[in-house]
Amino acid sequence: MVNPGPHDKHALIYEVVCEIPRGRVATYGQVALLAGLPGHARLAGYAMFNLPSELAETVPWHRVINAQGRISYSESRRGNDHRQRELLEAEGVRFDAQGRIDLRQYGWKPSGID
């Protein structure tokens, strides 16, 4: 599927991502669900990819990973894959030898949500 570009629902996704605390991660599916868009993990991914540069310093895009606990590597990310790992490691998030993050340890659990 081709990236559809900016979408009117991206703002909802950015609001959720801004809630993810330092040293924690959330999956694309979790972010979509919390944004009121269940089943739209891909839309959350597109929102992160299409994050406007003016929001890059305020929306912690690097804290969103895939459901396998991995960074979603892609040539189209123009090197941000490696930057994402660097930013997460700087926050104390550890990767195993296979490049996965333990979601039980580092996964974000918002208050009031089990």
Side-chain angles (χ1 to χ4, degrees):
M1 175 181 253
V2 174
N3 184 337
H7 189 282
D8 62 341
K9 302 289 187 199
H10 286 183
L12 297 170
I13 292 165
Y14 299 148
E15 286 179 31
V16 170
V17 174
C18 284
E19 297 296 320
I20 305 169
R22 182 177 173 79
R24 297 287 178 215
V25 296
T27 66
Y28 295 105
Q30 178 185 5
V31 167
L33 180 66
L34 292 169
L37 304 164
H40 291 281
R42 189 167 286 178
L43 180 62
Y46 291 143
M48 295 300 94
F49 183 83
N50 290 297
L51 182 68
S53 58
E54 64 269 15
L55 296 179
E57 295 298 318
T58 58
V59 176
W61 59 271
H62 61 283
R63 296 179 186 151
V64 186
I65 61 172
N66 68 33
Q68 289 78 44
R70 297 177 185 268
I71 292 171
S72 294
Y73 289 97
S74 168
E75 289 182 24
S76 65
R77 292 188 64 200
R78 302 179 287 274
N80 283 329
D81 303 330
H82 303 291
R83 180 77 179 129
Q84 184 174 10
R85 182 171 176 144
E86 289 170 359
L87 290 168
L88 288 171
E89 288 178 332
E91 293 184 0
V93 175
R94 299 289 165 241
F95 291 77
D96 69 14
Q98 289 75 41
R100 289 184 306 249
I101 296 167
D102 184 346
L103 292 172
R104 291 172 300 192
Q105 182 174 357
Y106 298 106
W108 175 49
K109 296 191 178 42
S111 308
I113 308 268
D114 291 327

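Sequential numbering from 1 along the given sequence is applied to the chain's residues. In this text the structure is predicted, and so the values were computed from the model without any measurement. Note: hydrogens, waters and symmetry copies are ignored here, and every other heavy atom, side chains too, is used.
By the neighbour-count criterion of 12 heavy atoms within 6.0 Å, atom CD of Gln98 is densely surrounded, having more than that number from other residues, nucleotides or ligands.
Put simply, the side chain of Tyr14 gets close to the backbone of Ala47: a donor and an acceptor are under 3.5 Å apart. Listed for the Arg42 side chain is no donor-acceptor partner under 3.5 Å among the backbone atoms of Gly29.
Atoms NZ and CG, on Lys109 and Leu103 in that order, are 8.0 Å from each other to the nearest 0.5 Å. Here CG of Leu37 is found 5.5 Å from CD1 of Ile13. Values are rounded to the nearest 0.5 Å. With values rounded to the nearest 0.5 angstrom, Ile101 atom CD1 is found 5.0 Å from Leu88 atom CG. Distance NE2/His10 to CG/Asn50: 5.5 Å, rounded to 0.5 Å.
Residues Val17 and Leu87 fall within the same hydrophobic cluster, defined by Ile, Leu, Val, Met, Phe, Trp and Tyr side chains chained together at heavy-atom separations under 4.5 Å. Taking hydrophobic clusters as Ile, Leu, Val, Met, Phe, Trp and Tyr residues chained together by side-chain heavy-atom distances below 4.5 Å, Val25 shares a cluster with Phe95.
Considering every non-hydrogen atom in both Pro110 and Leu34, the closest pair reads CG-CD1, 3.7 Å. When every heavy atom of Ala90 is checked against every heavy atom of Arg22, the shortest pair comes out as O-NH2, 3.4 Å. Shown here for Trp61 and Gln84, the closest heavy-atom pair between the two residues is CZ3-CB, 3.7 Å. Taking every heavy atom of both residues into account, Thr27 and Val64 meet most closely at C-CG1, 4.1 Å. Closest approach of Val93 to Tyr106, counting heavy atoms only: CA-CE2, 3.8 Å.
Ala26 pairs by the side-chain contact (heavy atoms from CB on, under 4.5 Å) definition with Ile20, Gln30, Val31, Trp108, not counting sequence neighbours.
Residue pairs meeting the side chain to side chain donor-acceptor pair (under 3.5 Å) criterion with at least one partner in residues 87-96, sequence neighbours excluded, are His62-Glu91, Arg63-Glu91, Arg85-Glu89, Asp96-Arg100.
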Exercise. Can Ile71 and His82 be said to form a side-chain contact (heavy atoms from CB on, under 4.5 Å), step by step?
Worked result: CA-CA 9 Å; Ile71 292 171; His82 303 291; over 6 Å; no
